[in-house]
There are 2 protein chains.
Amino acid sequence: MAMTLKDVAARAEVSIATASRSFQRPDLVGEATREKVLAAAAEIGYSPNRSARALITGRSGVYGVIVPDLENPFFPAVLKGAQARAHQLGAQLLITDAGEAPDGELPLVRTLAPQVDGIVLCSSRMDEGVLREAARLVPLSLVNRVSPVLPGVFADPVPGIPSAIRHLHRMGHRHLGYVGGPSISRSDSVRRTVIERVCQEIGMEWTDIGSFAPTVEGGRRGAEALLLTEVTAVLVYNDFMALALMERLRGFGVDVPGEISVVGWDDIEFSALVTPGLSTVQVPRYDMGVAAVDLLHDGDVHAGARADGGDGEHGAEGPDGGSSAHARLGLPTRFVPRGSTAKVVVRE
Amino acid sequence: MAMTLKDVAARAEVSIATASRSFQRPDLVGEATREKVLAAAAEIGYSPNRSARALITGRSGVYGVIVPDLENPFFPAVLKGAQARAHQLGAQLLITDAGEAPDGELPLVRTLAPQVDGIVLCSSRMDEGVLREAARLVPLSLVNRVSPVLPGVFADPVPGIPSAIRHLHRMGHRHLGYVGGPSISRSDSVRRTVIERVCQEIGMEWTDIGSFAPTVEGGRRGAEALLLTEVTAVLVYNDFMALALMERLRGFGVDVPGEISVVGWDDIEFSALVTPGLSTVQVPRYDMGVAAVDLLHDGDVHAGARADGGDGEHGAEGPDGGSSAHARLGLPTRFVPRGSTAKVVVRE
DNA sequence: CTCTACAGCGTAAACGATTGCATCCACAGT
DNA sequence: ACTGTGGATGCAATCGTTTACGCTGTAGAG
């Protein structure tokens, strides 16, 4: 049923080798011959057997993607970007939800490693040591996580957070709160730093409301903690939590944005859908997916010296500069004002 | 670096064939020998090369999944179920978003077909003819779509819809509306039929508000059309649209559930999160994913006579009954009451 | 004691592609 | 006319597994 290279070769009256080369190394084949082969292939509807190719080249043309939870609306957009890019590169994506791997992501990486050319790890919770171990098994590319030794892409709080704070400042807010995510989260601490700096600059007081789980429940807890403070506006770790927080505030009879302004992070689709619309910092999820796959791909095009392992303690950038070493890409964010932020009102 | 069967065989002092058989056909190998092989494999950390295996068996151990849009919150849960089951079966999932294939899903099926053992098609929009063509390329399993000749799993409106209608009836509603999805959608017409029947039974009037795109925009249009009628309650094609519809109604100053009660379909996570909570018909998405993969797997375990193609006009179930032929599974739905439905109020 | 049967194991041929190497031919340089 | 050059092509090995087939030895039947 399925057509093989042999069939193509027979039809084009050339050897299998020539047929193969017509695809792989067109420059090594005479023009007339190549066209004959290509025509023959098209006529019989040939498509190469990936298994056979993978067997000999050792490359499967498949990248793995591990996400902590597919139902978290952050990831589908990343996956779309990743997939689009993968398709452009002629690769496929093996998507895996880590949720069901209670003992962590490492076993998953182990399972996937032999059958993929690289893995995109999204919002990985592995600690640095485990991460390095994983990286020895297979090329890795990080999304939403930074590592000093691995390539990755993350959302830069700038200029999104500064814009949001300035927006709130102009609305008259003078006391800002931050409802944070898991304290281990690197991005969380980065954001705190940026908030600190910007507030300092424009003269805004800010209060750390605390660290919460990035879930509906966490958002609710955040709302409760928030009401113990005097803030008139909050930045929340992500939209999911922000939405839950608003919901909880409403439960308390606290009006948003009348009494408290809320700003999320991510700009998931629902944020525009609810009432009031959630003002938020938009992160370029699609582009992050694209970039993550690019990183992986660039990595194994340059290929070669992945031999030295990874336990080297010399974290220095390669002396040859350029695109070498691991790339860490910070993609800019953007503040999107909606209905959940408004002018502060003076309490009577 | 990677260990092969040859290494295992050498270490266990047997031939490669015996090593292979120890895994594939343990019954053909002496017990002592088998244990020696297994031990050797464990010691050197052998894991079979999937490409080599696929090459000779013609089966890749990978199932494809095609979803129309990953960002539609309906699908991630299906994927989770599918993935869980696939893992149990030792298979992997190749997930693909059809969104970027403007010319339809068929080309995608063509691309995927050679490298997978079967494809789960979610909410496919292909028409029956195209569907059959696709089915000739590769085993198919349908989610959210029924075909007379293909196996598939769908959400049975019963008992969800009847429960919802009875609930509304008890709340005093006597005039129900239905905001439908794409008119080509088979499930849409099935639901209409059920609504018709139930309304007849309990004496409720109902109005078909029309067919709309299953998007935010479609939901808004539905709200607008809805306001031209006298209904006091609506069933909406899915939660996504229902949420958008509620949002739009609110824009018009129409209170939900004060003036109009709204019932969705799917029970996506956000439906519980918004205010008021969206009453909805919960569909067992996870289980649907599980079942879809099962159908695929059962199909190629029985394997064998897939030769007769599929253009047979005799839609009759195989005479031998049992699990033969294609299975069509209707999974039961459940009504989940929340804040968006309430007692009808008499207009003054 | 011979013959059959079968369990247990090895040999070797696939599977479909890639690729180093050898071959062939034409053409140009001397 | 002979040889060197290099472009175009074919041969054949190879990747790691699976599996049809054949061989061996032992046990039970006659």
- Note on the structure: A:Arg34 CZ to D:dG10 P, in whole Å, measures 15 Å

- Task: Evaluate the ring planes of B:Tyr46 and B:Phe23, with Trp represented by its six-membered ring, and classify them as parallel (under 30°), tilted (30 to 60°) or perpendicular (over 60°).
- Result: tilted

- Item | Interatomic distance, B:Asn49 CG vs D:dT18 P [rounded to whole Å] | 10 Å

- Which part of the nucleic acid, if any, lies within contact of A:Phe23, taking any heavy atom under 4.0 Å across all strands shown: a base, the sugar-phosphate backbone alone, or nothing? nothing

- Item | Side-chain N or O of A:Ser20 closer than 4.0 Å to phosphate OP1/OP2 of C:dT18 | yes

- Message: Pick the closest DNA chain C nucleotide for B:Ala52 and for B:Asp27 by heavy atoms, then say which residue is nearer the 5' end.
- Response: B:Asp27

- Query: When the distance from CG of B:Leu55 to P of D:dT19 is rounded to whole Å, what number comes out?
  - Reply: 12 Å

- Note on the structure: When rounded to the nearest 0.5 Å, the distance separating CG of A:Leu79 from SG of A:Cys122 is 6.5 Å

- Please answer whether the main-chain N or O of B:Ile16 pairs with a side-chain N or O of B:Ser20 as donor and acceptor at a distance below 3.5 Å. no

- Task: Look at the side-chain N and O atoms of A:Ser15 and state whether any lies under 4.0 Å from the OP1 or OP2 oxygen of D:dG10.
- Result: yes

- Taking only N and O in the side chain of B:Thr57, is any of them less than 4.0 Å away from OP1 or OP2 of D:dT18? no

- Query: In whole Å, what is the span from the CD atom of A:Glu31 to the C1' atom of D:dG7?
  - Reply: 14 Å

- Task: Check the distance between D:dC15's P and B:Arg53's CZ and give it to me in whole angstrom.
- Result: 19 Å

- Item | Minimum-distance nucleotide to B:Thr4 side chain [options: D:dG16, C:dG16, D:dT18] | D:dG16

- Give the rounded distance in Å between these two atoms: CD1 of B:Ile56 and P of D:dT17. 11 Å

- Note on the structure: Among C:dT18, D:dT17, D:dG10, the one nearest any side-chain atom of A:Ile16 is C:dT18

- Item | A:Glu13, CD: over 12 other non-hydrogen atoms inside 6.0 angstrom | no

- Along DNA chain C (nearest heavy atom to each residue), the more 5'-positioned of A:Arg21 and A:Leu5: A:Leu5

- Message: Rounding to an integer number of Å, can you tell me how far A:Gln24 CD sits from C:dA17 P?
- Response: 11 Å

- Could you list the residues that satisfy side chain to side chain contact (heavy atoms under 4.5 Å, CB included) with B:Leu28, not counting sequence neighbours? B:Arg21, B:Arg25

- Item | Distance test, side-chain N/O of A:Thr18 to OP1/OP2 of D:dT9, below 4.0 Å | no

- Message: Rounded to whole Å, please give me the gap between NZ in B:Lys36 and C1' in C:dG10.
- Response: 14 Å

- Query: Can you check whether A:Thr33 has a side-chain N or O nearer than 4.0 Å to OP1 or OP2 of D:dT9?
  - Reply: yes

